[in-house]
Amino acid sequence: MNIGVGGLKARPVAMPQSLSLILIHVIFSTKDRRPFIDHANRQALHAYMATIARNEGAECYRIGGVEDHVHLAIRLPRTMAVADLIRQIKASSSSWMKEQSKDLAVFAWQRGYACFSISPQYRQELLEYIDNQEEHHRSRTFQEELRVFLSKYEVDYDEAYVWD
């Protein structure tokens, strides 16, 4: 029986919750946009990256891309900063790629990344966009694609510092 101040019955103490749904679209390229991610290693790389994200507490809805970059649709865990999650994904997957063959010994991701928050109502649209990367890149380079996203989401940037 819970007895409060003055003999009155106290309300049960509820445990507070921290809830979130933060859906992000992350894009980053290989260093100098070198075409390291070929059909032979792409699926395994994407699966490895998804596992890293899940091990960090994120929900990885989709990873896709072409030879020189990747797109990720991720539900960010409520306890982790975007930069920390992306740093872990990039560092671990870069090491993994280098172990796959001598030809990949110099594999590296670009230093930066682009990240955009997405309303859950547009999740399916994002997943379809990621699934159709090869089609998109028949007529558009990575740089052109990224400029479109930066413009769409009204992100100010300096061309001199976007590409490495």
Side-chain angles (χ1 to χ4, degrees), residues 20-77 80-101 103-104 106-159 161-164:
S20 71
L21 196 162
I22 303 169
L23 176 60
I24 57 175
H25 177 193
V26 181
I27 308 168
F28 52 88
S29 76
T30 58
K31 182 151 181 67
D32 299 320
R33 283 142 320 279
R34 293 182 61 187
F36 282 120
I37 309 169
D38 60 24
H39 287 284
N41 63 27
R42 189 172 303 158
Q43 187 173 10
L45 172 64
H46 294 172
Y48 187 81
M49 294 171 78
T51 300
I52 296 163
R54 290 184 185 115
N55 287 345
E56 294 295 325
E59 185 171 348
C60 187
Y61 295 113
R62 189 82 88 246
I63 299 179
V66 292
E67 297 83 8
D68 64 351
H69 73 280
V70 293
H71 292 256
L72 299 89
I74 296 176
R75 181 177 179 174
L76 188 67
M80 181 174 253
V82 171
D84 294 336
L85 177 61
I86 296 172
R87 183 181 315 108
Q88 185 62 34
I89 291 171
K90 287 170 69 176
S92 296
S93 62
S94 179
S95 295
W96 181 84
M97 281 289 279
K98 290 175 184 180
E99 294 171 358
Q100 301 310 299
S101 87
D103 295 336
L104 296 172
V106 295
F107 178 87
W109 294 114
Q110 73 174 109
R111 287 176 289 170
Y113 61 89
C115 181
F116 310 102
S117 60
I118 304 293
S119 173
Q121 73 188 41
Y122 296 112
R123 177 175 45 198
Q124 189 58 41
E125 184 179 314
L126 172 60
L127 300 181
E128 289 171 11
Y129 183 84
I130 292 173
D131 287 342
N132 291 308
Q133 280 295 290
E134 289 196 29
E135 181 181 318
H136 300 308
H137 290 287
R138 287 189 188 121
S139 61
R140 182 183 291 171
T141 68
F142 168 72
Q143 285 112 323
E144 291 166 337
E145 176 185 51
L146 187 57
R147 285 184 192 107
V148 167
F149 278 112
L150 294 170
S151 177
K152 175 181 177 179
Y153 293 109
E154 301 177 10
V155 175
D156 293 328
Y157 65 98
D158 184 335
E159 237 354 274
Y161 301 104
V162 175
W163 318 114
D164 73 338

How long is the span from the SG atom in Cys60 to the CZ atom in Arg75, to the nearest 0.5 Å?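 These two atoms lie 13.5 Å from each other.
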Nearest 0.5 Å please: distance from the CZ atom of Phe28 over to the CZ atom of Phe142.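 Going from the CZ atom of Phe28 to the CZ atom of Phe142 covers 10.0 Å.
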Minimum heavy-atom separation for [X] and [Y], please, with both atom names.
| X | Y | value |
| --- | --- | --- |
| Ala108 | Ser94 | CA-OG, 4.1 Å |
| His25 | Ile27 | NE2-CG1, 3.5 Å |
| Leu85 | Ala53 | CD1-CA, 4.2 Å |
| Ala50 | Ile63 | N-CD1, 3.4 Å |
| Val82 | Cys115 | CG1-SG, 3.7 Å |

For Tyr113, which residues count as a ring-ring contact (aromatic ring centres under 6.0 Å, His included) partner, sequence neighbours excluded?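 Partners of Tyr113 by the ring-ring contact (aromatic ring centres under 6.0 Å, His included) criterion come out as none, since no residue qualifies.
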Among residues at least two apart in sequence or on other chains, which ones pass salt bridge (charged side-chain N to carboxylate O under 4.0 Å, His left out) with Arg111?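 Per chain and number, Arg111 pairs via salt bridge (charged side-chain N to carboxylate O under 4.0 Å, His left out) with Asp164.
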Sequence neighbours left out, what passes side-chain hydrogen bond (donor to acceptor under 3.5 Å, both in side chains) with [X]? Give chain and number order.
| X | answer |
| --- | --- |
| Trp96 | none |
| Gln110 | Ser29 |
| Gln88 | Ser92 |
| Asp131 | Arg62 |

Distance-only criterion, 3.5 Å: show the donor-acceptor pairs between side-chain atoms of residues 145-156 and protein atoms not counting sequence neighbours.
| unit_1 | atom_1 | unit_2 | atom_2 | d |
| --- | --- | --- | --- | --- |
| Glu145 | OE1 | His69 | NE2 | 3.0 |
| Glu145 | OE1 | His71 | NE2 | 3.1 |
| Glu145 | OE1 | His137 | NE2 | 3.1 |
| Glu145 | OE2 | His71 | NE2 | 3.2 |
| Glu145 | OE2 | Tyr129 | OH | 2.4 |
| Glu145 | OE2 | Gln133 | NE2 | 3.4 |
| Glu145 | OE2 | His137 | NE2 | 3.3 |
| Arg147 | NE | Glu159 | OE2 | 3.0 |
| Arg147 | NH2 | Glu159 | OE1 | 2.9 |

Identify, with sequence neighbours excluded, every residue that meets side-chain contact (heavy atoms from CB on, under 4.5 Å) alongside [X].
| X | value |
| --- | --- |
| Ser101 | Asp103, Leu104 |
| Arg42 | Ile37, His39, His46, Glu67, Glu134 |
| Arg123 | Leu23, Tyr61, Leu127 |
| Ser95 | none |

Side-chain contact, heavy-atom cut-off 4.5 Å: [X] with [Y]?
| X | Y | value |
| --- | --- | --- |
| Ile118 | Ile24 | no |
| Ser117 | Ile22 | no |
| Thr51 | Tyr48 | no |
| Val106 | Phe36 | yes |
| Ile89 | Ile74 | yes |

Under the 3.5 angstrom rule, does the side chain of [X] hit a backbone N or O of [Y] as a donor-acceptor pair?
| X | Y | result |
| --- | --- | --- |
| Asn41 | Ala44 | no |
| Asp32 | Arg34 | no |
| Glu128 | Glu125 | no |

Does the ring pair (Phe, Tyr, Trp, His ring centres under 6.0 Å) test come out yes or no for Phe107 and Trp109, once each step is laid out? CA-CA 7 Å; Phe107 178 87; Trp109 294 114; 5.0 Å; yes
With a cut-off of 6.0 Å (strictly less than), are more than 12 heavy atoms of other residues, nucleotides or ligands near OH of Tyr122?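 No, because the 6.0 Å sphere around OH of Tyr122 holds 12 heavy atoms or fewer from other groups.
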With sequence neighbours left out, which residue pairs that include part of residues 86-100 fulfil the salt bridge (charged side-chain N to carboxylate O under 4.0 Å, His left out) condition?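 Salt bridge (charged side-chain N to carboxylate O under 4.0 Å, His left out) check on residues 86-100 returns Asp84-Arg87.
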